[in-house]
Amino acid sequence: MGTSTRWKGPNGDRWSSAGRRLARWREDSRNADQRLEEIAADHLSALHETLRADRSAFGLYDTACAAGDRLAAALGPLAAEGAESEDALVARLVSEVGGAGGTLADAAVRRGIAAAVRDVRSRHPELDDAMSGGAADGGGFAWDILCDLYQVFFADMVGEFLRSVVAEHVKLAVPVLIATDPESRIAEWIAEKVVDLVPNPCEESAEATDLAQDVDTAQSEVGDVLDPSAGLPKIAELLVPRAVGKVLGLISEEITGEEGAVA
């Protein structure tokens, strides 16, 4: 007999309220898009509230930090080697970043990295040229692409985690909504809302010296801005706790624009 159990979803008044609002939503109703955005905001707020009360909830914080560290480590090789195709890039990053865990958080990481590749490709049409010839010619990806990939990943991971929550609500409470696919639209809205909260390693490079003060071996690496292949992966690694803290609501800049650590 297997040991896995069906995930029952998050509990609490905020989650229940978000679920009830979703159950009442209809695609053909007045102001349907606005209401769906409000439902998405409800789910994001519920997640933030839960994690502020218990950082270990769902294992999401630790899983996201570990995945962020692995993604940071993957950036240097991608800058040097690239990938032959989008499928090859997704497969590589899912393997290297996603890990082998079976929790909802692990699944959100794997889906998040795949979504991030897709989103970055839409932002950077030049990525197609890099993939079509880069790996074969020994060339890699430009750092502005990789820094965007890093930034978008954390946002997509949160969106994918909440997509699973919404999908369970749809399946169990309002099966009539399955055809309208509200979970996909909610995940996209959430990712778009939180992506700008994530620090971008390329943009943070000017502050690399300050970020590296607590890392014994990092000072010379990140101080050399002329060699981004050495410095930027370390900057990306140092930024992981900040990136995770912001998208999970543990650093309070969030939607309000006011920054400060949450106790």
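When a residue number appears, it is its place in the shown sequence, counting from 1.
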Minimum-distance pair of heavy atoms, taken over all atoms of [X] and [Y]:
X      : Y      : value
Pro201 : Ile235 : O-CG2, 3.9 Å
Gly99  : Arg110 : O-NH1, 3.1 Å
Arg55  : Leu250 : NE-CD1, 3.7 Å
Arg121 : Leu127 : CA-CD2, 3.9 Å
Cys147 : Asn200 : CB-OD1, 3.2 Å
Tyr150 : Pro199 : CE2-O, 3.6 Å

Review point. Does a salt bridge link Lys234 with Glu237, judged by any charged N lying under 4.0 Å from a carboxylate O?
Key: yes

Quick one: are [X] and [Y] in side-chain contact, heavy atoms under 4.5 Å?
X      : Y      : answer
Val158 : Leu44  : yes
Val195 : Gln151 : yes
Ser45  : Arg14  : yes
Leu78  : Leu93  : yes
Phe141 : Glu81  : no
Leu47  : Trp15  : yes

Problem - Residues in ring pair (Phe, Tyr, Trp, His ring centres under 6.0 Å) contact with Phe153, at least two apart in sequence or another chain - result: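 For Phe153 there are no ring pair (Phe, Tyr, Trp, His ring centres under 6.0 Å) partners, ignoring immediate neighbours.
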
Report all side-chain donor-acceptor pairs from residues 57-76 shorter than 3.5 Å, counting only partners two or more places apart or in another chain.
from: Thr63; atom 1: OG1; to: Gly59; atom 2: O; distance (Å): 2.7
from: Arg70; atom 1: NE; to: Val97; atom 2: O; distance (Å): 2.9
from: Arg70; atom 1: NH2; to: Val97; atom 2: O; distance (Å): 2.8

What pairs with [X] under side-chain hydrogen bond (donor to acceptor under 3.5 Å, both in side chains), at least two apart in sequence or on another chain?
X     : value
Asp54 : Ser56
Glu37 : none
Ser95 : none

Once rounded to the nearest 0.5 Å, what's the spacing between atom [atom1] of [X] and atom [atom2] of [Y]?
X      : Y      : atom1 : atom2 : answer
Asp119 : Leu149 : CG    : CG    : 10.0 Å
Arg52  : Ile251 : CZ    : CD1   : 11.0 Å
Glu204 : Leu232 : CD    : CG    : 11.0 Å
Glu192 : Glu188 : CD    : CD    : 6.5 Å
Leu162 : Trp189 : CG    : CH2   : 10.5 Å

Listed partners of [X] passing side chain to side chain contact (heavy atoms under 4.5 Å, CB included), at least two apart:
X      : result
Ala91  : none
Asp42  : Ala18, Arg21
Asp144 : His124, Glu126, Ala142
Asn31  : Gln34, Arg35

Can you name the residues that form a salt bridge (Lys or Arg N to Asp or Glu O under 4.0 Å) with Glu96, not counting sequence neighbours?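 Glu96 satisfies salt bridge (Lys or Arg N to Asp or Glu O under 4.0 Å) with Arg92 once adjacent residues are dropped.
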
Salt bridge (charged side-chain N to carboxylate O under 4.0 Å, His left out) pairs touching residues 145-160, sequence neighbours excluded, are Arg111-Glu160, Arg123-Asp148, Glu160-Arg163

